[in-house]
Amino acid sequence: MKTESSSSVVEFLEKVPLLHRLTSSSLKKIAQVLVFKRYERGDYVVGRDEEEMEGVYFILEGQAQVLGPVGEENCSEFFLKPFDYFGRGIFGNVYAVDVVAVSQLTCLLLTCDHCHLLETKPICDLDNQRSLLERILGFTLPNAPALGKVFGGQFVAQGLAAASKTVEFMKLVHSLHAYFLLSGDTNSKDFNLNMLLLASTLLFSSESSLAVPIIYEVSRLRDGNNFATRRVDARQKGKTIFTLFASFQREQQGFDHLESNMPHMLPPETLVPRDEMLQRRMTDHLIPRYYRNKVATQYTAPLPIDIRFCEPNYSTEERKSPSRLKYWFKARGELSDDQALHRCVVAFASDLMYAFISSDPHRKKGMSAVPVSLDHSMWFHRPLRADDWLLFVMVNLTASQSRGLATGEMFNRKGELVVSLKQEALLKETVTSNPILDSKL
């Protein structure tokens with residue numbers, strides 16, 4: 001763009017919520033290809049009768065109005081001002097909507113042929129299996145600082161991985177029960193598990209050059225012919241922040257039947273990926289501005305888990321919805337044949353959205369709530385592959401005394417029940433965040 005200096009344009013782009021997740025080098029590339037667009041008051045920037053939007057618009061000066069749902073045209077959330085954005089988006093989705101200039105308006109347009117510059121690189125390197133495995137078993141979610149805690153699935157997966165390393169390879173975890181005691185320091189990222197043998201316990205340290213390490217101490221509670229039991233205590237800054245009990249069993253032949261039936265759902269290949277849904281929410285101007293900005297600032301990069309919702313819902317978090325959810329998921333990339341690894345990956349994925357369904361029936365306008373996992377239980381019934389599609393069916397059974405109880409089932413594509421789960425979560429509206437390592441209770 002030649003009408004403004006490159007540095008001033010980059011400074012402007014740095015303040016656009018949609019672009020907070022991009023690097024400075026990406027913003028410089030975007031600045032070089034932006035096009036100036038000027039409109040007079042009353043001009044249509046985008047009309048619903050147009051076959052296709054030109055790209056993504058960033059408002060530099062002036063104001064515009066989204067002609068939203070009937071009765072909400074004058075809502076302040078549908079007035080756009082500098083640093084707001086709207087348009088076609090990365091995936092080419094088009095919304096039937098009008099955007100009209102309500103004053104002299106100047107926009108910067110990123111045309112469709114350059115929208116690929118908005119994409120972020122996946123957290124995991126799909127061409128590097130080792131990197132994928134290490135990151136699935138030990139990285140902090142990109143928006144963890146906003147939540148004020150280390151992701152719960154990370155604790156479960158790392159704790160299970162540490163326990164599995166102390167059991168003979170013929171025995172696999174068949175059940176685990178975990179308790180989240182304190183919030184972990186979110187600076188603890190990019191973990192590598194290192195083992196130290198100390199008498200009857202094993203210590204696994206998740207180390208980082210940038211952070212206080214989390215130490216996983218594994219205690220051998222039992223080693224029998226067919227079963228083994230382990231306790232894992234995760235410690236940080238001298239405090240126990242997480243505890244896990246896991247039982248392992250040698251493969252044995254016995255009775256086999258199945259009463260739980262997998263619900264009939266569309267195959268995952270036909271469903272929209274979660275990341276694409278989030279991108280749509282960022283650019284759908286029929287969604288209130290504050291919510292689009294919230295999604296844009298929290299979303300940084302695709303997860304190492306591919307998620308496809310069976311019944312996609314594009315509404316905001318301010319509307320009540322049923323306390324149940326169904327989605328397909330699998331690890332990105334191909335994993336080795338180590339069954340212990342696959343169960344650790346499934347443990348990681350099991351806590352991604354589990355707690356949130358407990359608060360869905362209570363959502364309302366202006367409400368902000370982040371459920372916190374209190375305890376988490378899993379039972380592994382049959383061999384599984386975490387790099388093949390699994391259907392996760394979950395429902396919240398009840399909520400009372402600020403706690404919600406959810407149950408879940410995971411099925412493979414054959415319809416076999418492979419994992420059963422239960423979790424209790426703390427349900428409270430968001431208040432001022434507590435210091436790290438404060439008790440959840």
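Side chain of D387 to main chain of L335: a donor-acceptor pair is present (N/O by atom type, distance under 3.5 Å, no hydrogens or angles). The backbone N or O of L421 lies less than 3.5 Å from a partner atom in the side chain of T407, making a donor-acceptor pair. Judged by distance alone, the side chain of R343 and the main-chain N or O of L384 form no donor-acceptor pair under 3.5 Å. Panel note: side chain S164, backbone L160; a donor-acceptor pair is recorded below 3.5 Å.
Scanning for salt bridge (charged side-chain N to carboxylate O under 4.0 Å, His left out) contacts around D113 gives an empty result, with sequence neighbours left out. Annotation: salt bridge (charged side-chain N to carboxylate O under 4.0 Å, His left out) contacts of R41 (sequence neighbours excluded): none. Applying the side chain to side chain contact (heavy atoms under 4.5 Å, CB included) criterion to Y39, with sequence neighbours excluded, gives K37, D43, V45, Y57, A101, L105, C107. Shown here are the side chain to side chain donor-acceptor pair (under 3.5 Å) partners of D233, two or more places apart in sequence or in another chain: R231, T243. With sequence neighbours excluded, no residue satisfies salt bridge (charged side-chain N to carboxylate O under 4.0 Å, His left out) with E40. Residues satisfying the side chain to side chain donor-acceptor pair (under 3.5 Å) test with S103, not counting sequence neighbours, are none. For K326, the side chain to side chain contact (heavy atoms under 4.5 Å, CB included) criterion is met by P263, M265, C310, E311, V393, not counting sequence neighbours. Scored by the ring-ring contact (aromatic ring centres under 6.0 Å, His included) test, F83 finds F12 as partners (sequence neighbours excluded). Contacts of E61 classified as side chain to side chain contact (heavy atoms under 4.5 Å, CB included), with partners at least two apart in sequence or in another chain: T106. Legend: residues meeting side chain to side chain contact (heavy atoms under 4.5 Å, CB included) with P273, ordered by chain and number and at least two apart, are E276, D306, R308. For F245, there are no ring-ring contact (aromatic ring centres under 6.0 Å, His included) partners at least two apart in sequence or on another chain. Listed by chain and residue number, T23 satisfy the side chain to side chain donor-acceptor pair (under 3.5 Å) test with S26 (two or more places apart in sequence, or in another chain).
Across all non-hydrogen atoms, the minimal contact from A64 to V102 is N-CG2, 3.9 Å. The two atoms that bring V232 and G159 nearest to each other are CG2-O, 3.6 Å, heavy atoms only. Taking all atoms of both residues into account, the shortest heavy-atom contact from P383 to V418 is O-CG1, 3.9 Å. D84 and F79 get closest at one heavy-atom pair: OD2-O, 4.1 Å. The minimum heavy-atom distance between S336 and L341, with the atom names listed, is OG-CD2, 3.6 Å. Minimum interatomic distance between F329 and A349 (heavy atoms only, all atoms of both residues): CE1-CB, 3.6 Å.
Rounding to the nearest 0.5 angstrom, the gap separating the CG atom in D375 from the OG atom in S373 is 8.5 Å. Residue L426 holds its CG atom at 13.0 Å from CZ of F180, rounded to the nearest 0.5 Å. Summarising the geometry, atom CD belonging to E217 is positioned 8.0 Å from atom OG1 belonging to T240; distances are rounded to the nearest 0.5 Å. Considering CG of L427 and CG of N396, their distance stands at 7.5 Å, rounded to 0.5 Å. Note that the CZ atom of R385 and the CG atom of L390 stand 10.5 Å from one another [nearest 0.5 Å]. Between the CG atom in L108 and the CG atom in L13 there is a gap of 7.0 Å [rounded to 0.5 Å].
Between M262 and L391, some side-chain heavy-atom pair lies under the 4.5 Å cut-off. Inter-residue side-chain proximity for S350 and M378 is flagged as met; some heavy-atom pair is nearer than 4.5 Å. With a 4.5 Å cut-off on side-chain heavy atoms, W379 and H177 count as touching. Looking at heavy atoms from C-beta onward, W328 lies in side-chain contact with L271 at the 4.5 angstrom threshold. The side-chain heavy atoms of Y85 and I59, taken from C-beta on, include no pair separated by under 4.5 Å. Taking 4.5 Å as the limit, every side-chain heavy atom of V346 sits out of range of all side-chain heavy atoms of H342. You'll find the side chain of L352 stays beyond 4.5 Å of the side chain of F392, heavy atoms only. By the 4.5 Å heavy-atom criterion applied to side chains, F242 and R235 are not counted as neighbours.
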Might you work through the side chain to side chain contact (heavy atoms under 4.5 Å, CB included) test for F155 and Y216, ending with a clear yes or no?
CA-CA 9 Å; F155 278 130; Y216 291 86; 3.5 Å; yes
Walk me through it: do D388 and R413 pass the test side chain to side chain contact (heavy atoms under 4.5 Å, CB included)?
CA-CA 8 Å; D388 194 8; R413 299 198 69 164; 4.0 Å; yes
Side chain to side chain contact (heavy atoms under 4.5 Å, CB included) between L27 and E14: does it pass, once the steps are laid out?
CA-CA 8 Å; L27 296 181; E14 288 176 344; 3.6 Å; yes
Please step through side chain to side chain contact (heavy atoms under 4.5 Å, CB included) for the pair Q236 and I215, ending with a clear verdict.
CA-CA 6 Å; Q236 189 179 49; I215 306 297; over 6 Å; no
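At a cut-off of 3.5 Å, with distance as the only test, a side-chain donor of D351 or Q423 sits close to an acceptor on the other residue.
A cation-pi contact, defined as under 6.0 Å to the ring centre and within 45° of the axis, links R38 to F36.
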